[in-house]
Participant: 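Sharing a structure, written as structure tokens. Questions coming.
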Amino acid sequence: MSENVVHLHKPTDPPAPGTGPTVLTVVPDAPPARPAPLWVRSGRAVKTAVTHETTRATGRAVARHASYTFNGGRIVARRTWDGKTGSRYERMIRAAEAAGNLEAAEEWEERLSRFRAARHHRRMDLLHSPVDAAKGVAVGTGMGIGGLVALGVVMAIATKDVTAVVTPLMATIEFINLMITIVHVVWGPLISLGPFFALLALWAVGSKQHAAPAWALPAKVRNSEGEPITPSIVVKALRDLGVPALRNAIKEMGDAGASMLSPIVIAGCGIEVDVTLPSGVSTNEIQQRRRKLAENLARHEHEVFITIPTAARTVRLWVADSGALDEPIGPSPLVTDETMTADYTKGKAPWGQDLRGDAASISLYQRHLLITGLSNQGKTAALRSLALWLALDRSVEFWMGDLKGVGDWAMFNGLATKLIQGPTDDHVIQVTEMAEDAVEEMNRRLQAPPGTQFPLLVVIVDEAQVAFMCPAVDEDKRPYGGSKAKSRYFTAVRKIHNQGRAVNVLMWQGTQDPTDQNLPKLVREGAHTRASLALGTESQARMALGDKAVDGGAAPNLLRPGLDKGTLVVASDGIAIPAGQASITVRTHFISTEDATAIADRAKALRDGVTTLHVIERGEDRDPLADIASVVGDASRVLTQDVLKRLAALNADAYGKWSFLDLKRVLDGTGAEPYKSDGRMVIGRDRLARALANRDSQGSASTDG
């Protein structure tokens, strides 16, 4: 509260002319604070007391322990009722009937009949027990007294004292009197403490079962994240999903709801269990509630996967150990095993691990490939790791277009025959012409004699969405990009998809954020192996993997962008997928650029040397001898067949239709003519160099002359 300002004239000062006596003036800065009413203060005090943490904790403790005692009594009563009646058997019968297991229902019904027969026999025995007990007491008493008297007679004879005859009988009477005295003394406290001990026993039962409301339980019990998954936890999670038919069926089953579950088995870094749903509950009702199911299991959404196995009305749950999916997997075998080689036809590329922790490898034999996902989720790394493995097969040839152009594929320089890197329209034009050259090569192979074997040619386009979205047109007004029939890139990809695999010409594409505009339907459906990283929506997931995979449980849209980098959902017959499922989730190995360069160097050592073309040149006057020398490169000698292929790749217009006779015609008389080495026709690098040097010197001499 602010203080008042006081203005006071000193009494010693003479009064000013025309003024009165000294005046004391009080000027208030603010109105004085009025004390709050008593009821307001009381309300605040009550509110503070109620919201105080100690008060809340005390209230929770009182409610918790009271619930333990009350619910413990309910549990004991239920157990007693189950033990005395056939209700347990009846619940098991209903559970078996709900699950459609008639054999189990008949078996439980037979057990119920045996239980009822045994109970009837016990009740009939109780009717005769009083008479039998009375007879037993009479006979026992008589025999007991007679025995004691006989014992006394023996003692009297031994001691020669007649009074010893009654000594055993009197000792027994005194002992009985002592027991009566003890009971009389203990009975009072026992009656007083008995209810307390009974309540304590009920509290112990309820405490062990945590039979209290969730809000009243201790924090360590409420936070059950990471607890092992048990059948009762799974049943409770399913019961609380909000599906009325499922909840009612489980309620009728009682504790026997676990009969819906298969045995829970360890599966990698988690567990796996099949759930047979009761009649009236469909599998998609469970799939649509994945987040709620995960939270009921004390897991995050990304730690629970729901798939549909072959069995009818069944869902398969895979539940990760808490936090296990955030742990990195080990390095790729390509990095750790420097002796590894590849076999395109029979081998499988090591790609990563599945959710069980088993190695996930994939066959690339005659399969077009599509990998998609949001930006910066590991798409290029996943695609590049497959190419690096395949590069260890020396028979494979690569044509590559990197429409990002930041050097992710630079290690393939000297390994790929063509390598185009850059994001501009000019680079898209060159990539399109590269794809069209692949179509021409495919057509050449298709027209070869039946039975001709061809080495693999892989055309890889990373960031393919740039090609589909390119607005450039050629001189005939045909667009390079787009998804129409006139689109040059789209048309080339479709032709390769249609017939390329028959002659080992494959198309691999990586693309971002799929839509109908940047990834046309016909192109994405032409890929045999489709894989997706994290996506934004279910519609994108359907574009990436197809309706069948998504309807079967594939959900790349539920992966966490940024946190699940490198995690792929794969739909392909080239990878081992559990029976009844349409896809598999793979956590791929990450291969850094440095490691990728080392692997590429190993692949280059397997080859004689590859001259990589970075620009496809067209419409220029060619120097055939110089071009032959350029495609031979640093290799000491190259097969004439490979020289023809490299010339066609260098300039399809000039050399696309060349044969061995055309090559021989150019080299005749130059000193670099083809010759045999190990029974095969080759062209030597040194001979070409001498031929070029002689030609240049002769040209200079004629000019000087």
Side-chain angles (χ1 to χ4, degrees), residues 98-101 229 231 233-235 237-247 249-250 257-268 270-297 299-320 325 354-356 358 360 525 529-532 535 537-559 567-587:
N101 192 343
I229 300 298
I233 290 177
V234 176
V235 171
L238 294 169
R239 182 194 63 194
D240 298 337
L241 272 185
V243 182
L246 180 60
R247 182 180 62 251
I250 294 176
S259 62
M260 298 188 303
L261 310 182
S262 70
I264 297 178
V265 296
I266 301 297
I271 62 93
E272 188 173 79
V273 59
D274 285 355
V275 182
T276 302
L277 302 175
S279 178
V281 183
S282 62
T283 55
N284 66 332
E285 289 181 284
I286 307 301
Q287 285 182 303
Q288 292 169 0
R289 292 168 172 81
R290 176 183 174 187
R291 172 174 292 183
K292 192 170 185 178
L293 177 61
E295 292 172 351
N296 291 348
L297 293 168
R299 295 294 189 271
H300 297 289
E301 185 177 13
H302 72 277
E303 294 176 328
V304 175
F305 288 81
I306 305 173
T307 54
I308 310 298
T310 53
R313 281 200 348 260
T314 303
V315 293
R316 178 168 295 161
L317 307 181
W318 185 87
V319 184
L325 294 184
D354 61 15
L355 295 178
R356 291 173 169 268
D358 299 329
E525 291 185 349
T529 295
R530 299 167 71 172
S532 176
L535 289 174
T537 64
E538 181 180 327
S539 61
Q540 289 181 321
R542 293 184 181 276
M543 292 180 188
L545 300 176
D547 291 337
K548 180 180 179 181
V550 174
D551 291 338
N557 52 301
L558 297 181
L559 295 174
T567 299
L568 285 165
V569 182
V570 186
S572 172
D573 61 350
I575 192 169
I577 297 178
Q581 297 181 200
S583 64
I584 187 173
T585 301
V586 176
R587 303 173 68 198

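From a predicted model like this one, the values you see are computed outputs, not experimental measurements.
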Participant: Not counting sequence neighbours, list each pair that qualifies as a side-chain hydrogen bond (donor to acceptor under 3.5 Å, both in side chains) and has a residue in residues 545-557.
Facilitator: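 Qualifying pairs: Arg542-Asp547, Arg542-Asp551.
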
Participant: For Ala294, which residues count as a side-chain contact (heavy atoms from CB on, under 4.5 Å) partner, sequence neighbours excluded?
Facilitator: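 So Ala294 forms a side-chain contact (heavy atoms from CB on, under 4.5 Å) with Val304.
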
Participant: Return the minimal non-hydrogen interatomic distance between Asp354 and Ala360, and the atom names on each side.
Facilitator: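 Scanning both residues, the minimum pair turns out to be N-CB, 4.0 Å.
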
Participant: Among residues at least two apart in sequence or on other chains, which ones pass side chain to side chain donor-acceptor pair (under 3.5 Å) with Thr307?
Facilitator: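 If we apply the side chain to side chain donor-acceptor pair (under 3.5 Å) test to Thr307, skipping adjacent residues, the hits are Gln581.
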
Participant: Going through the distances and angles, do Ile286 and Val275 end up as a side-chain contact (heavy atoms from CB on, under 4.5 Å)?
Facilitator: CA-CA 10 Å; Ile286 307 301; Val275 182; over 6 Å; no

Participant: Kindly indicate, with the supporting measurements, whether the criterion side-chain contact (heavy atoms from CB on, under 4.5 Å) is fulfilled by Leu535 and Leu559.
Facilitator: CA-CA 7 Å; Leu535 289 174; Leu559 295 174; over 6 Å; no

Participant: What's the shortest heavy-atom distance between Ile264 and Ile229, and which atoms?
Facilitator: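 Taking every non-hydrogen atom into account, CD1-O, 4.0 Å.
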
Participant: So, for Val570 and Ala531, which heavy atoms are closest and what is the spacing to 0.1 Å?
Facilitator: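 Shortest heavy-atom separation between Val570 and Ala531 comes out as CG2-CB, 4.1 Å.
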
Participant: Give me the atom names and distance for the closest heavy-atom approach of Ser583 to Ile577.
Facilitator: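 Smallest heavy-atom distance, with atoms named: O-CG2, 3.5 Å.
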
Participant: Is any side-chain heavy atom of Val234 closer than 4.5 Å to one of Met260?
Facilitator: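 No, their side chains stay 4.5 Å or more apart.
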
Participant: Does anything in residues 278-297 form a salt bridge (charged side-chain N to carboxylate O under 4.0 Å, His left out)? List the pairs, not counting sequence neighbours.
Facilitator: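 Applying salt bridge (charged side-chain N to carboxylate O under 4.0 Å, His left out) to every pair that reaches into residues 278-297, excluding sequence neighbours, yields Arg291-Glu301.
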
Participant: Going by salt bridge (charged side-chain N to carboxylate O under 4.0 Å, His left out), name the pairs with one or both residues in residues 271-282, residues two or more places apart or in two chains.
Facilitator: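 Found Glu272-Arg356, Asp274-Arg316.
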
Participant: Which residues pass the side chain to side chain donor-acceptor pair (under 3.5 Å) test with Ser572, not counting sequence neighbours?
Facilitator: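 Result, side chain to side chain donor-acceptor pair (under 3.5 Å) vs Ser572: Thr529.
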
Participant: Would you name the heavy atoms of Leu545 and Ala554 that are closest together and state the gap between them?
Facilitator: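 For Leu545 versus Ala554, the nearest heavy atoms are CD1-CB, 3.9 Å.
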
Participant: Taking the side chain as every heavy atom from C-beta outward, state whether Ile266 and Ile271 have any pair of such atoms under 4.5 Å apart.
Facilitator: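 With C-beta onward as the side chain, the pair touches.
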
Participant: Arg530 side chain to Ala544 main-chain N or O, any donor-acceptor pair under 3.5 Å?
Facilitator: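 Confirmed, Arg530 side chain pairs with Ala544 backbone.
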
Participant: Suppose we screen for side chain to side chain donor-acceptor pair (under 3.5 Å). Which residues come up paired with Gln288, at least two apart in sequence or across chains?
Facilitator: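 Checked Gln288 against side chain to side chain donor-acceptor pair (under 3.5 Å); zero matches.
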
Participant: Do you know which two heavy atoms are closest between Gly280 and Ala245, and how far apart they sit?
Facilitator: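 Closest approach of Gly280 to Ala245: O-CB, 3.9 Å.
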
Participant: Give the intermediate values and the outcome of side-chain contact (heavy atoms from CB on, under 4.5 Å) for residues Leu317 and Leu293.
Facilitator: CA-CA 10 Å; Leu317 307 181; Leu293 177 61; 3.9 Å; yes

Participant: Does the pair Thr567 and Val586 meet the rule for a side-chain contact (heavy atoms from CB on, under 4.5 Å), with working shown?
Facilitator: CA-CA 6 Å; Thr567 299; Val586 176; over 6 Å; no

Participant: Got a sec, which residues hit side-chain contact (heavy atoms from CB on, under 4.5 Å) with Gln287, two or more places apart in sequence or on another chain?
Facilitator: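 Scan of Gln287 (side-chain contact (heavy atoms from CB on, under 4.5 Å), adjacent residues dropped) gives Asn284, Ile306, Ile308.
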
Participant: Could you give the distance from CE (Met543) to OG1 (Thr537), rounded to the nearest 0.5 Å?
Facilitator: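 The distance works out to 7.0 Å.
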
